[in-house]
Amino acid sequence: MAHANEAVEELTSPSIDPEEIEKFSAMADEWWDPDGKFKPLHKINPLRLNYIRDTLTRHFGLDADADQPLKGLRLLDIGCGGGLLSEPLARLGAEVVGVDAAIRNVKTAKAHAEKTGVKVDFRHGTIELLAESGEKPFDAVLNMEVVEHVSDPAQFLKTSASVVKPGGLMLVSTINRTSKAFVMAIFGAEYVLGWLPKGTHQFDKLVKPEEIEAALAPEGYEVGEPVGVSFNPLSDEWRLSGDTSVNYMTVVTAPEK
C-alpha cells in the first residue's frame with residue numbers, strides 16, 4: 001500500500017481521488033490475469049477494441065480490415081492501468097501514450113509491454129499535468145472506464161477533451177447512474193456474482209450521458225448518441241445494444257479550429 005500512497009503524494013489534481021488510486025494500486029499485479037480481479041475487463045476488451053477500431057477508421061477514413069488499421073494515428077489512453085487497451089491498440093498500428101496516476105499500474109504496464117515487445121509510451125501522471133505540459137494534441141483520446149473514478153467528472157472531461165486535436169475524437173466508456181445500474185453493475189457484479197471486488201464502484205460517482213454533454217457541449221464539442229454495452233449470459237459475451245441504462249459508450253468530436 002506504500003506504493004499507492006507514494007503515487008497520491010506525488011500527484012494532486014482535480015481528477016485524483018486518493019482512495020480510488022489506492023484501490024487500483026492494490027490490485028496492480030493482477031492486471032494481466034484473465035481470471036483475476038480484472039476478469040471483467042478482459043471479457044469486455046474485444047468489444048471495446050472493435051468499437052475503437054471501427055469508430056476511428058470510419059472517422060479518419062482508414063481501412064478497418066488492414067493489418068494495422070490505426071497506423072498513423074496518435075492515441076492517448078487515460079487511466080491506462082496495466083495496459084490492457086494500450087498494448088493491443090499499439091499492435092493495430094497506433095502510436096499510443098498511456099497515462100495513469102498510480103505508479104504501480106505504470107510499472108506493471110511497462111514490464112508487460114517490454115516482455116511482449118510492444119512499443120507504448122507509458123507515463124506516470126494525470127491528464128491535468130499532460131495538458132499543462134504543452135503536449136502535442138492527439139488524434140483521439142480514450143476515456144474508458146475512468147470518469148466514474150475521478151473526483152470532478154465535468155472538469156476531468158473538459159481537460160481530457162482539451163488535448164484532442166481539432167476535428168479529433170474522444171471515446172468515453174462508463175456506467176450510467178440509474179437504479180438498474182446499481183442493481184446490476186454494483187450490487188450484482190460486486191456483491192452477488194463477485195465479478196469485481198466490493199467497493200470498486202460508488203453509485204453517486206456514476207455519470208449519466210447527459211452530464212457528459214452538459215460538460216462538453218458548451219465548449220463546442222459534439223457529443224454523439226450513446227450506445228449501450230450489455231452482457232449476454234448465454235453466450236458469456238459483451239455486445240453493443242440499445243440499452244444505455246447500465247454500461248454505455250459515446251463519441252465526442254472536437255470542434256474544427
Side-chain angles (χ1 to χ4, degrees), residues 31 41 44-100 105-106 109-110 112-114 116-147 156-174 212 216 219-227 229 240 248-257:
W31 274 105
L41 283 182
I44 203 172
N45 226 26
L47 178 72
R48 296 196 303 174
L49 285 165
N50 287 339
Y51 179 79
I52 293 167
R53 180 201 62 205
D54 293 347
T55 300
L56 295 184
T57 53
R58 184 168 57 246
H59 181 76
F60 292 104
L62 302 171
D63 181 3
D65 296 321
D67 288 341
Q68 292 192 310
L70 303 184
K71 193 169 181 64
L73 296 183
R74 186 166 179 265
L75 311 181
L76 172 64
D77 184 9
I78 302 175
C80 63
L84 294 190
L85 265 182
S86 297
E87 269 200 39
L89 288 169
R91 291 182 189 277
L92 292 177
E95 178 187 342
V96 183
V97 175
V99 174
D100 201 283
N105 287 345
V106 176
K110 284 183 174 180
H112 193 273
E114 286 174 9
T116 57
V118 180
K119 184 181 178 183
V120 180
D121 182 2
F122 286 114
R123 307 180 192 177
H124 176 219
T126 66
I127 185 58
E128 288 83 5
L129 289 173
L130 197 71
E132 292 166 4
S133 70
E135 182 83 25
K136 186 175 78 171
F138 295 86
D139 294 295
V141 167
L142 307 177
N143 211 315
M144 315 296 279
E145 287 77 44
V146 182
V147 68
F156 172 75
L157 287 166
K158 290 176 188 176
T159 307
S160 300
S162 74
V163 300
V164 179
K165 76 175 189 181
L169 301 180
M170 178 167 73
L171 281 67
V172 182
S173 175
T174 189
I212 296 176
L216 297 174
E219 308 288 324
Y221 294 88
E222 180 186 338
V223 181
E225 283 292 319
V227 59
V229 180
L240 298 181
Y248 69 93
M249 294 190 283
T250 191
V251 179
V252 177
T253 306
E256 296 281 0
K257 293 179 182 176

Quiz item: So which heavy atom on K110 is nearest to which on F122, and how close?
Solution: CE-O, 3.2 Å
Quiz item: Nearest 0.5 Å, what's the CD-OG1 distance between E145 and T174?
Solution: 7.0 Å
Practice problem: With the side chain counted from C-beta on, respond yes when L56 and L62 share a heavy-atom pair under 4.5 Å apart, and no when they do not. | Solution: no
Quiz item: Minimum heavy-atom separation for P255 to G220, with atom names?
Solution: CB-O, 3.5 Å
Quiz item: side chain to side chain contact (heavy atoms under 4.5 Å, CB included) with L75: which of V120, V97, V141, L89?
Solution: L89
Exercise. Please name the pair of heavy atoms, one in A161 and one in L216, separated by the smallest distance, quoted to 0.1 Å.
Key: CB-CD2, 4.0 Å
Exercise. Give a yes or no answer on whether the side chain of R53 reaches the backbone of L92 with a donor-acceptor pair at less than 3.5 Å.
Key: no
Quiz item: Quick one: NZ on K136 to CZ on R74, what's the gap to the nearest 0.5 Å?
Solution: 5.0 Å
Quiz item: In Å and rounded to the nearest 0.5 Å, what is the CG to CG distance from N143 to L171?
Solution: 9.5 Å
Quiz item: Just wondering, more than 12 heavy atoms not from Q68 lying within 6.0 Å of its CD?
Solution: yes
Quiz prompt | Minimum heavy-atom distance A64-D54, with the two atoms named | solution = CB-OD1, 4.3 Å
Quiz item: Is the backbone N or O of I52 less than 3.5 Å from a side-chain atom of T55, with the two atoms forming a donor-acceptor pair by type?
Solution: no
Quiz item: Under 3.5 Å, is there a donor-acceptor pair between the side chain of H112 and the main chain of L84?
Solution: no
Quiz prompt | Evaluation steps, side-chain contact (heavy atoms from CB on, under 4.5 Å), between V96 and L142 | solution = CA-CA 10 Å; V96 183; L142 307 177; over 6 Å; no
Practice problem: Applying side-chain contact (heavy atoms from CB on, under 4.5 Å), run through E87 and T116 and close with a yes or a no. | Solution: CA-CA 9 Å; E87 269 200 39; T116 57; 3.1 Å; yes
Self-check item: From E95 atom CD to D139 atom CG, the distance as rounded to the nearest 0.5 Å
Solution: 9.0 Å
Quiz item: How many angstroms lie between SG in C80 and CE in M144, if you round to the nearest 0.5 Å?
Solution: 13.5 Å
Quiz item: Looking only at heavy atoms, what is the nearest atom pair of G98 and S86, with distance?
Solution: CA-OG, 4.2 Å
Practice problem: Could you tell me whether the side chain of D77 and the main chain of L85 form a donor-acceptor pair under 3.5 Å? | Solution: no
Quiz item: Residues two or more places apart in sequence or in another chain: which of them pass side-chain contact (heavy atoms from CB on, under 4.5 Å) with V229?
Solution: I44, L47, W238, L240, N247, M249
Quiz item: Can you tell me how far the OH atom of Y248 sits from the CD1 atom of I212, to the nearest 0.5 Å?
Solution: 3.5 Å
Quiz prompt | Side-chain touch L130/R123, heavy atoms, less than 4.5 angstrom | solution = yes
Quiz prompt | Exceeds 12 heavy-atom contacts within 6.0 angstrom, atom CG of D63 | solution = yes
Quiz prompt | Atom of V164, atom of A254 and distance for their closest heavy-atom approach | solution = CG1-CB, 3.9 Å
Self-check item: Side-chain donor or acceptor of D100 paired with backbone N/O of V106 under 3.5 Å
Solution: no
Practice problem: Would you indicate whether the side-chain heavy atoms of V251 and H59 approach each other to under 4.5 Å? | Solution: no
